[in-house]
Every structure is written in C-alpha cells, then in structure tokens.
Peer 1: 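Below is a structure I'd like to ask you about.
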Protein chains: 2
Amino acid sequence: MTTDVSSRTPRPEHGETRWLDAEEQRAWRAWLYSTQLLQDRLDRELTRATGIPHTYYEILVQLSETPGRQMRMSELADRCLSSRSRLSHAVSRLEERGWVRRQECPEDGRGLLAVLTDEGFAALEAAAPVHVEGVRTHLFDQLSPQQVAAMRDIGETLLRHLDPS
Amino acid sequence: MTTDVSSRTPRPEHGETRWLDAEEQRAWRAWLYSTQLLQDRLDRELTRATGIPHTYYEILVQLSETPGRQMRMSELADRCLSSRSRLSHAVSRLEERGWVRRQECPEDGRGLLAVLTDEGFAALEAAAPVHVEGVRTHLFDQLSPQQVAAMRDIGETLLRHLDPS
DNA sequence: GCGGAATAATCAAGTGCTCAACTATGCTCC
DNA sequence: GGAGCATAGTTGAGCACTTGATTATTCCGC
C-alpha cells in the first residue's frame, strides 16, 4: 500500500506510523485481492445459477441449521455478521419470495422469530450444491492440505481478535 | 456450510456434489468470517477517522503509485478490482470532492485519464497512517511471521487461479 | 406497580452498486 | 472511404446497505 505516500510522510502525531515493509505489502495485497476476487466470484456464480445472492444464502443456511428452523432476528443478524437493519431489509425480501416468515416471539413481546418455510428450505437445497462446488473449485482444489490447515489457523487467530464472542 | 442440507441431498445431477467435510467447513467458515470482519473493521475505522471509504482509498492509492499520478479509467478499474461502471460512479464522486479530475486521453479519443489532484494526494497522505495502523493492529500484530508467510502464500496461490492476468 | 433506562426491531433518507442500454470513437477490410 | 464491429466510458433505474431516529416492549429499582 501507498509506497509513494509512505516514503514522503514520516508522520509525527502520536508516534511514528508503523509503515508496512515490502514483504508485508505483498502479503497484504495478496490477501486483499484474493479474498475480494474469491468472494465476488462465488457470489456471482451463485447468483447467476440460482438467483440467490450470498447474503441471502447465508441467512437461509443459518436458519436451516437451527432446531425448528427459526431464530430471533437479532441472533440471526449476529450469526450472519449483519447489522440489524440490514437483516431486517433482507428478511423482508426473503418474505416476499415466500422463503422466510416472521412470527411473534412468545417469550419476548418485542422480539420476532424468522422462520424458514418449506419453500425456503427447498431453495436452499437447490442452491447448496452450486455454492459448495464453487468453494471446492475456487478454494479447496487450489490449496494443499497444509495450506488449508494454515488458512484455518490464520482465520481462527484473527477471529479471536476481531470477534471475541 | 449447510450440514442440514448436505445430509439430505446426495444430488444426482452431473455426478455427486463434493460436499465439505467437518474440517473443511471449519476452515471455510473461519476464512469467510475473518475476512468479512477484517474488511468491515478496516473500512469502518478508515471511514470514521477520515471520511474516506476503502474503495475510494484504493483508487487514490493506485493513482498515487503511477507515474504522473494518472491512469486510464479502464486500467484503474482493473487494478481496483472494480467494474467500469462502478469506477465511473466513484470517480465522479471523487471529482466532486476535488481529489481527482478527468482529462482527455491524447492517444485515444475514446479514452479518459483519471488524474490525482494535489488535494487528492493530501487526502491520501492524511488517510494512509490510519489505514496502515489498522492493517497492522488487526492483521500483522495478530499473526506470527510464519502465519504471515502462509497468508501470502495462500493469497498468491489463489490469485494465480482467480486472476491469471 | 410506576418511571426511566435498556433492548428489539423497523423505518426513512441518503449513498453506493449492478445491470443493461447508450454514445462516441477507433479499427478492419473490402 | 464507408459499413460493421469492437472498445472506452457513461448513464439511469432499481436494488442493497448505512446511519440515525422512531416505536414498542421489557427490565429494574424503588
């Protein structure tokens, strides 16, 4: 990143900026570009083949894996790494497709349950093979077992820092 | 992903789907969530501190690193992993801020050059330390040198497959 | 049990992105 | 030298997401 800038601005404020060296820049760019391209590719292929964008897919997956195929809106948002507002919008659209339905929550009058419908489950069943095949083709097929292990290790290390939940 | 579904749909069409086993699912989710959280975090911190979202930042960086601080729109789009349309919109907004300006291209009457202005360069200089500090804090400070090397290796491996340019 | 803070979810306005259509210029080849 | 096609870039409509405000309900201390 920013080689031009880094060579020109030693930056006085609260201590020197800890600029990235050439190695770090390469690592950072490789990571940034590969994640970007992989996510774009998977989302595009899934959307083209099934009409379901990855954000919606993730919601359906989370619901499908929960007992009763239902979940409180907030918890669903957390699991999808989504804001409440975004999830609310997304569930509205999934409701229009008939894949999810909102239900009042018995234990908490403020809350709502998002419930996966049979149609929603069927849509997920149809989309899952496409998605999994994409992940395999563009990720696992490209990496050695050692690389996969390292990827998981790095991911979990970062998660402990970023999402200590 | 999709444990529920994978146990129920052996899927006949063009051969069996190559489902992910438990290890692969953990690796995939760790990767997916960590990349998502890291990008969200970096973008949020940069935007809050400087008013520059990461997509704009990337455009400014690319221009700053090029001789003459100018580049053809298409090439800029490619380097930013952006569609032409998206870049066109983005450059329009950067123009409103006075950070970039469009200039006719001498060699090709169809083409335009995006030129980084002095104000744009100054904005980048102000934002760069914030961004770099974020990358260091949330990424490099969390990982061992071996993990950094592995991250780069994995990223470059995936790039060869996804973007064989 | 009542007043006030906290929580669940939605909504409205503004911004960014995607897709497809469009303009304008350059290229080819007869 | 003009027809047809390719390339560069923009535009507009519509969807998605963000932020901050809003409504409704619950929790808590007294």
Side-chain angles (χ1 to χ4, degrees), chain A residues 36-37 39-60 63 70-97 99-115, chain B residues 36-37 39-60 63 70-97 99-115:
Chain A
Q36 200 84 53
L37 284 169
Q39 281 179 215
D40 288 357
R41 182 92 161 235
L42 290 174
D43 185 44
R44 173 154 319 218
E45 289 181 358
L46 185 64
T47 306
R48 281 204 193 289
T50 70
I52 308 181
H54 191 261
T55 36
Y56 291 6
Y57 181 80
E58 189 65 23
I59 293 171
L60 300 180
L63 287 175
Q70 51 183 252
M71 205 183 292
R72 287 290 293 271
M73 293 292 285
S74 313
E75 186 175 353
L76 187 52
D78 289 345
R79 296 211 191 196
C80 295
L81 304 182
S82 171
S83 69
R84 314 273 157 117
S85 171
R86 176 170 160 188
L87 181 78
S88 189
H89 287 298
V91 166
S92 297
R93 294 198 200 92
L94 290 171
E95 245 181 337
E96 287 163 17
R97 295 193 186 193
W99 292 351
V100 170
R101 137 177 82 73
R102 275 181 245 244
Q103 202 170 67
E104 302 215 332
C105 175
E107 304 103 39
D108 189 337
R110 298 165 300 181
L112 291 177
L113 291 165
V115 185
Chain B
Q36 199 85 54
L37 284 169
Q39 281 181 214
D40 288 356
R41 183 93 161 234
L42 291 173
D43 184 45
R44 173 154 322 213
E45 289 180 358
L46 184 65
T47 306
R48 281 204 192 289
T50 69
I52 308 180
H54 191 261
T55 36
Y56 290 6
Y57 181 81
E58 189 65 24
I59 293 171
L60 300 179
L63 287 176
Q70 52 182 253
M71 204 184 292
R72 288 290 292 272
M73 293 293 285
S74 314
E75 186 175 355
L76 187 52
D78 289 346
R79 295 211 192 194
C80 294
L81 304 182
S82 171
S83 69
R84 313 273 157 118
S85 170
R86 176 171 160 188
L87 181 76
S88 188
H89 287 296
V91 165
S92 297
R93 287 182 218 107
L94 290 172
E95 246 180 337
E96 287 163 17
R97 296 193 187 194
W99 293 350
V100 170
R101 136 179 85 72
R102 276 180 242 244
Q103 201 169 70
E104 302 215 332
C105 176
E107 303 104 41
D108 189 337
R110 296 165 300 178
L112 290 177
L113 291 166
V115 185

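By convention in this document, chain letters (A, B, ...) are assigned in the order of the sequence lines, proteins followed by strands, and residues within each chain are numbered from 1.
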Peer 1: Indicate the atoms forming the closest heavy-atom contact of B:Y57 with B:I52, along with that distance.
Peer 2: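 Smallest heavy-atom distance, with atoms named: N-CG2, 3.7 Å.
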
Peer 1: Nearest whole angstrom, please: distance from the P of C:dG16 to the CD of B:E58.
Peer 2: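 Distance check: B:E58 CD to C:dG16 P gives 17 Å.
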
Peer 1: Atom CG of A:L87 and atom CG of A:L76: how far apart are they, to the nearest 0.5 Å?
Peer 2: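 The distance works out to 4.5 Å.
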
Peer 1: Return the minimal non-hydrogen interatomic distance between B:L63 and B:A114, and the atom names on each side.
Peer 2: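 The pair with the smallest heavy-atom distance is CD2-O, 3.5 Å.
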
Peer 1: By nearest heavy atom, map A:R86 and B:S88 onto DNA chain D; which one lands nearer the 5' end?
Peer 2: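 Result: B:S88.
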
Peer 1: Hey, does the side-chain of B:S85 have a donor or acceptor N/O within less than 3.5 Å of a partner on the base of D:dT11?
Peer 2: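 Result: at least one qualifying N/O pair found.
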
Peer 1: Look up atom OG1 in B:T47 and atom NE2 in B:H54, then write down how far apart they are to the nearest 0.5 Å.
Peer 2: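 If we round to the nearest 0.5 Å, B:T47:OG1 and B:H54:NE2 are 9.5 Å apart.
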
Peer 1: Nearest whole angstrom, please: distance from the P of C:dC17 to the CD of A:Q39.
Peer 2: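 My rounded result for the distance is 15 Å.
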
Peer 1: Please compare A:R44 and A:L87 by the position of their nearest nucleotide in DNA chain C and report the one closer to 5'.
Peer 2: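 The residue whose closest nucleotide sits nearer the 5' end is A:L87.
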
Peer 1: If you pin B:R110 and A:R72 to their nearest nucleotides in DNA chain C, which one's is more 5'?
Peer 2: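 Mapping each residue to its closest nucleotide by heavy atoms, the 5'-most match is A:R72.
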
Peer 1: So what does A:R48 touch, heavy atoms closer than 4.0 Å: a base, only the sugar-phosphate, or nothing?
Peer 2: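 Touches nothing.
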
Peer 1: Within the 4.0 Å heavy-atom criterion, would you say A:S83 contacts the bases, only the backbone, or no part of the nucleic acid?
Peer 2: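 The residue A:S83 makes sugar-phosphate contact but no base contact.
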
Peer 1: Please report the distance, rounded to the nearest Å, between CG in A:D108 and P in C:dA6.
Peer 2: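 My rounded result for the distance is 17 Å.
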
Peer 1: Can you tell me the distance, in whole Å, between the CG atom of B:D43 and the P atom of C:dG16?
Peer 2: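 It is 11 Å, rounded to the nearest whole Å.
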
Peer 1: Of A:E107 and A:P53, whose nearest nucleotide on DNA chain D comes first from the 5' end?
Peer 2: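 Taking each residue's closest nucleotide, the earlier one in sequence belongs to A:P53.
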
Peer 1: Please give, in whole Å, the distance from C:dT10 P to A:R93 CZ?
Peer 2: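 Answer to the nearest Å: 12 Å.
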
Peer 1: Rounded to whole Å, how long is the line connecting atom NE2 of A:H54 with atom P of D:dC17?
Peer 2: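 Rounded to whole Å, this separation is 13 Å.
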
Peer 1: Starting from C1' on C:dT7, measure out to CE on A:M73 and report it in whole angstrom.
Peer 2: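 Going from A:M73 (CE) to C:dT7 (C1'), I get 15 Å.
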
Peer 1: Any side-chain N or O of A:R84 below 4.0 angstrom from OP1/OP2 of C:dA8?
Peer 2: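 Yes, such a contact exists.
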
Peer 1: Would you mind classifying the nucleic acid contact of A:S92 as base, sugar-phosphate or nothing, using non-hydrogen atoms under 4.0 angstrom?
Peer 2: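 Result for A:S92 = nothing.
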
Peer 1: Whether the side chain of B:H89 and the base of C:dT18 hold a donor-acceptor pair under 3.5 Å is what I'd like checked.
Peer 2: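 A donor-acceptor contact between them is present.
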
Peer 1: Taking everything shown except B:R93 itself, do over 12 heavy atoms lie less than 6.0 Å from its CZ?
Peer 2: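 Yes, the 6.0 Å shell around CZ holds more than 12 heavy atoms from other groups.
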
Peer 1: Measure from CG on B:L112 to C1' on C:dA24 and round the result to the nearest Å.
Peer 2: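 Going from B:L112 (CG) to C:dA24 (C1'), I get 11 Å.
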
